[in-house]
Amino acid sequence: MPELPEVETIRRALAPRIVGRMIVDAGAFASAKFTDAELTRGATFEAVDRRGKYLIARLDTAKDLVVHLGMTGVLRTADQRSTNDKFLRAWWHLDDGMFLEFSDVRRFGRVAVVANGHYEQLPTLHALGPEPLSNDFDASVFHRALNASNRAIKTQLLSQRPVAGVGNIYADEACWIARVRPQARTITKPGATRLHTAIREVLEDGIRRKGTTLRDYRTFDGNYGENQHHLRCYGRAGEPCDRCATILRKTVLDARTTTFCPVCQRS
DNA sequence: CGCAGCGCCTGAAGGC
DNA sequence: TGCCTTCAGGCGCTGC
């Protein structure tokens with residue numbers, strides 16, 4: 001499940017391969033989630049940016065190609081268009097002969113072409129919180145945002161509103177590092193400050209390790225990330241807490257598996 | 001307008 | 001072996 005570190009890792013490898021390239025042809029799987037890809041024919045890539053988990057390629061046609069990888073989306077290059085991938089959802093043929101392909105088993109991903117900066121038809125992107133690794137991410141604002149709602153802290157992180165780019169894995173990791181209970185509905189100022197720091201830490205570590213590969217995620221070169229070998233909390237229910245040796249517990253929060261330490265994540 | 005609840009998807013894994 | 005059930009979960013949509 002690509003979150004910010006995975007998408008940023010892909011962006012860094014993707015950008016130098018496609019910026020300056022013109023799209024000779026493009027096609028898509030017959031679903032409204034992907035057919036926008038065809039609207040990029042004839043355009044040239046000017047830049048590849050990222051907001052949260054969204055890749056945003058700026059085109060010279062004053063439009064943005066927005067790609068969300070969903071749960072199982074993979075971007076890759078090919079010399080020839082794949083004919084044996086039944087999960088190919090969109091493809092772009094570039095003027096240097098390369099094919100850029102978007103494969104996505106579960107179709108939770110999405111491709112959209114919109115006027116530059118106009119994300120109204122992508123509500124989560126439109127209302128996206130601050131970039132966690134930028135100066136826009138402020139601990140005091142974050143504290144107030146979390147306490148402005150009565151929803152669980154982790155629920156709010158996953159909503160992408162108080163901060164962008166955090167998904168289930170990095171939410172569990174950040175809450176564990178910050179000693180914040182994911183189910184808590186309020187958070188103290190020190191707790192929010194710890195969480196603010198922890199979010200930056202887990203995302204930076206994730207980028208440094210080129211992402212977390214649990215099953216489907218691959219870097220743009222097709223390799224595994226490395227961060228899955230460094231998880232402190234996610235997926236470790238039943239194992240002892242690295243900090244206090246209490247057995248980590250699993251619960252379900254908003255239909256998502258949540259792992260936490262019942263002793264040292266007090267919040 | 002915020003948000004709870006649900007549906008979308010399909011392969012892997014486990015039970016029998 | 002094979003059928004069935006459960007699980008994984010980000011996000012858009014609906015309706016209260």
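Residue numbering restarts at 1 for every chain, and letters A, B, ... go by the order of the sequence lines.
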Exercise for the section: Rounded off to whole Å, could you give me the CZ-to-P distance for the A:Arg151 and B:dG5 pair? Expected result: 11 Å
Exercise for the section: Select base, sugar-phosphate, or nothing to describe what A:Tyr234 touches, counting heavy atoms under 4.0 Å on all strands. Expected result: sugar-phosphate
Handout entry: Any A:Ser149 side-chain nitrogen or oxygen under 4.0 Å from OP1 or OP2 of B:dG2
Key = no
Problem - Atom-to-atom span, CZ of A:Arg215 to P of B:dT10 - whole angstrom - result: 15 Å
Handout entry: Parallel, tilted or perpendicular: ring planes of A:Tyr54 versus A:His68, cut at 30 and 60 degrees
Key = perpendicular
Exercise for the section: Classify the ring geometry between A:Phe137 and A:Phe142 as parallel (under 30°), tilted (30 to 60°) or perpendicular (over 60°). Expected result: perpendicular
Problem - Within one Ile-Leu-Val-Met-Phe-Trp-Tyr cluster: A:Val166 and A:Tyr217, side-chain cutoff 4.5 Å - result: no
Exercise for the section: Could you pull out the closest heavy-atom pair between A:Thr257 and A:Lys154, with the gap in Å? Expected result: O-NZ, 3.3 Å
Problem - Cation-aromatic face contact A:Arg243/A:Trp176, 6.0 Å, 45 degrees - result: yes
Practice task
Measure the distance from CZ on A:Phe34 to C1' on B:dC9 and round it to the nearest whole Å.
Solution key: 10 Å
Exercise for the section: Round to the nearest Å and state the distance from A:Leu214 atom CG to C:dC7 atom C1'. Expected result: 14 Å
Problem - Whole-Å distance separating the NZ atom of A:Lys86 from the P atom of B:dT10 - result: 9 Å
Exercise for the section: Calculate the interatomic distance between A:Arg161 atom CZ and B:dA4 atom P; express it in whole Å. Expected result: 13 Å
Exercise for the section: Under the ring pair (Phe, Tyr, Trp, His ring centres under 6.0 Å) rule, collect the residues that match up with A:Tyr119, sequence neighbours excluded. Expected result: none
Practice task
Send over the distance from A:Lys250 NZ to C:dA8 C1', rounded to a whole Å.
Solution key: 10 Å
Handout entry: Nucleotide-resolved protein contact map, nucleotides 10-16 of chain C, B/S/- at heavy-atom distance under 4.0 Å
Key = BBS----
